[in-house]
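Below: the structure, in structure tokens.
Not measured: the values here are computed from a predicted model. Labels below follow one simple rule: chain letters A, B, ... track the order of the sequence lines, proteins then strands, and each chain is numbered from 1.
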Amino acid sequence: MHAAVLRWYDGAARDLPWRRPDASPWGVLVSEVMLQQTPVARVEPAWRAWMERWPTPADLASAPAADVLRAWDRLGYPRRALRLQDCARTIVAEHDGAVPVTEDELLTLPGVGAYTAAAVAAFAHGARAVVLDTNVRRVVGRALEGRALPPPTLGRAEQERAAGYVPADAATSVRWNVGVMELGALVCTARSPRCADCPLRSRCAWLAAGRPADEHAARRRTQAWHGTDRQVRGRIMAHLRALPGTPWATGRDLLTVGAGGADPAALPDPAQPGRALASLVADGLVVAAASADADLYRLP
DNA sequence: AAGGCGGGGAA
DNA sequence: TTCCCAGCCTT
């Protein structure tokens with residue numbers, strides 16, 4: 001199975017900039033943070049512009065946060081942009097400007113969780129690691145365990161099973177990790193897998209069983225979007241990013257923007273825009289003027 | 001273990 | 001419309 005995946009990857013891998021030999025460990029880390037819940041197609045141009053502007057942790061560490069949030073643009077979950085800058089500052093302050101090598105050290109960085117720590121250890125430093133993202137979980141779950149989709153939450157048992165599939169040799173493990181991930185992204189997709197093109201089709205437990213349905217379907221809940229606080233937060237952030245410079249905006253304007261241009265009082269939940277703005281301030285994505293009476297806000 | 005957190009494009 | 005995306009953090 002390892003050989004089949006490695007051979008397939010050699011012929012099918014996408015030429016992504018953070019996979020090239022000249023990509024720095026910092027470039028790999030930036031790509032992994034951007035790829036947390038944002039598809040490759042949207043990350044690639046943003047990553048190129050980002051790395052040209054801020055090639056090293058020190059460059060990002062010293063940038064104005066407002067510039068960082070504007071460069072993040074609409075990649076989504078803008079808290080990631082602030083965490084990435086915090087991460088850069090931590091690397092400068094505590095690691096002499098160099099991306100840490102061990103998973104334990106990587107895990108201490110802001111915005112770096114189990115997946116990202118493993119991915120950076122493997123893809124930036126060539127270490128053997130158990131890289132478990134949504135793609136790997138799906139491919140392993142199907143091919144080796146015969147399940148349509150992995151369980152909603154990653155448990156210890158699944159993690160230990162996956163660890164057992166990672167080749168012992170470091171160099172081979174890196175190719176396996178990226179190969180399985182790529183297979184999940186291009187062939188063994190969540191919705192409409194292209195089993196006819198899969199290098200594992202002859203030994204896939206899920207395919208052999210007749211592609212049984214997802215047993216966890218009832219427990220999966222897709223997040224609503226329209227009318228949520230997240231949508232309102234997104235409107236406010238988009239408005240502030242688009243303003244020239246970093247001027248103060250009135251709370252009244254921001255609440256109207258958050259309401260989609262309508263009178264907030266007319267919303268089903270009139271308190272929603274105010275709640276969203278307060279949460280943005282709590283997250284550090286928006287700064288409130290020192291005087292509470294001023295009712296003025298801007299990017300940090 | 002569960003819920004919050006963006007935004008776009010494919011199915 | 002619905003689903004899904006190289007998750008992380010807090011409770």
Side-chain angles (χ1 to χ4, degrees), chain A residues 13-14 16-19 23 27-47 69 72-84 86-87 106-124 129-140 148-156 158 174 177-186 188-194 214 216-217 219-241 258 272 275-276 278-280 282-285:
Chain A
R14 289 169 291 183
L16 301 172
W18 48 86
R19 284 180 181 166
V28 172
L29 200 167
V30 171
S31 78
E32 294 300 344
V33 172
M34 287 184 171
L35 287 162
Q36 292 166 1
Q37 298 287 278
T38 304
V40 167
R42 285 169 50 206
V43 164
E44 185 167 356
W47 183 90
L69 289 171
W72 193 260
D73 195 39
R74 294 190 298 209
L75 291 180
Y77 296 132
R79 294 191 294 197
R80 286 184 292 161
L82 292 187
R83 290 200 188 114
L84 183 57
D86 283 344
C87 177
L106 287 162
L107 274 173
T108 68
L109 299 173
V112 175
Y115 163 76
T116 304
V120 172
F123 305 142
V130 182
V131 180
L132 264 189
D133 76 325
T134 186
N135 291 303
V136 177
R137 295 183 65 208
R138 187 175 55 248
V139 173
V140 168
L149 292 171
T153 59
L154 172 61
R156 179 160 296 282
E158 183 189 349
V174 171
N177 281 324
V178 71
V180 174
M181 198 178 304
E182 191 78 337
L183 186 60
L186 300 181
C188 192
T189 57
R191 198 79 70 88
S192 303
R194 300 162 50 192
D214 171 25
H216 302 102
R219 285 187 49 215
R220 292 184 206 286
R221 188 155 301 283
T222 68
Q223 295 179 321
W225 169 241
H226 287 284
T228 62
D229 286 15
R230 282 161 58 216
Q231 184 183 33
V232 175
R233 283 166 55 107
R235 287 190 187 122
I236 294 172
M237 289 300 293
H239 176 78
L240 290 173
R241 283 196 309 265
Q272 187 179 42
R275 190 170 62 238
S279 73
L280 289 171
D283 286 347
L285 289 162

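Between A/Leu154 and A/Arg191, the one whose closest nucleotide on DNA chain B sits nearer the 5' end is A/Leu154. Of the two residues contacting DNA chain B, namely A/Arg241 and A/Arg83, the nearest-nucleotide position lying further toward the 5' end is that of A/Arg83. Each of A/Gly113 and A/Leu149 was matched to the nucleotide of DNA chain C holding its nearest heavy atom; the match closer to the 5' end belongs to A/Leu149.
The structure places CZ of A/Phe123 at 8.0 Å from CZ of A/Arg19, a figure rounded to the nearest 0.5 Å. Atom-to-atom distance recorded for A/Glu32:CD and A/Leu106:CG is 11.0 Å, nearest 0.5 angstrom.
Within the nucleic acid shown, A/Ser192 comes within 4.0 Å of sugar-phosphate atoms alone, with no base atom in reach, counting heavy atoms only. Using a 4.0 Å heavy-atom cutoff across all strands shown, A/Trp18 reaches at least one base atom of the nucleic acid. Here A/Arg74 lies in heavy-atom contact (under 4.0 Å) with sugar-phosphate atoms only. Using a 4.0 Å heavy-atom cutoff across all strands shown, A/Thr116 reaches sugar-phosphate atoms only and no base atom. At the heavy-atom level, A/Val112 lies under 4.0 Å from the strands shown only through sugar-phosphate atoms. No contact: A/Pro152 has no heavy atom under 4.0 Å from any strand. At the heavy-atom level, A/Ala114 lies under 4.0 Å from the strands shown only through sugar-phosphate atoms. Note on A/Ala119: nothing from the nucleic acid sits closer than 4.0 angstrom, heavy atoms only. If you check every strand for non-hydrogen atoms under 4.0 Å, A/Arg19 touches a base. Using a 4.0 Å heavy-atom criterion, one finds that A/Gln223 contacts the bases of the nucleic acid, with or without backbone contacts as well. A/Arg220 comes within 4.0 angstrom of nothing in the nucleic acid, heavy atoms only.
Under 4.0 angstrom from either OP1 or OP2 of B/dG4 there lies no side-chain N or O belonging to A/Arg79. Between A/Arg80 and C/dG7, a side-chain N or O to OP1/OP2 separation shorter than 4.0 Å is absent. Contact annotation: A/Thr134 side-chain N/O to C/dA6 OP1/OP2 distance is not under 4.0 Å. Between A/Gln37 and C/dG7 there is a side-chain polar atom (N or O) within less than 4.0 angstrom of OP1 or OP2.
A straight line from CZ of A/Phe123 to P of C/dA6 spans 12 Å, rounded to a whole angstrom. When rounded to the nearest whole Å, the span between CE of A/Met34 and P of C/dC8 equals 16 Å. Per the geometry, CG belonging to A/Leu82 stands 11 Å off P belonging to B/dG6, to the nearest Å. In this structure, CE of A/Met181 is placed 9 Å from P of C/dA6, rounded to the nearest angstrom.
Residues A/Arg14 and A/Leu186 meet the side-chain proximity criterion, which asks for heavy atoms closer than 4.5 Å. A/Glu182 places none of its side-chain heavy atoms less than 4.5 Å from the side chain of A/Asn135. The shortest side-chain heavy-atom distance between A/Asp214 and A/Arg220 falls under the 4.5 Å cut-off. Looking at A/Val232 and A/Arg275, their side chains never come closer than 4.5 Å, going by heavy atoms from C-beta outward.
Side chain of A/Asp133, nearest nucleotide from C/dG7, B/dC5, B/dG7: C/dG7.
Counting distance only, with no hydrogens placed and no angle test, the side-chain atoms of A/Thr38 and the base atoms of B/dG6 include a donor-acceptor pair under 3.5 Å.
Rounded to a whole angstrom, the distance from the P atom of C/dC8 to that of B/dG8 is 23 Å. When the P atom is used for both B/dG4 and C/dA6, the distance is 23 Å, rounded to whole Å.
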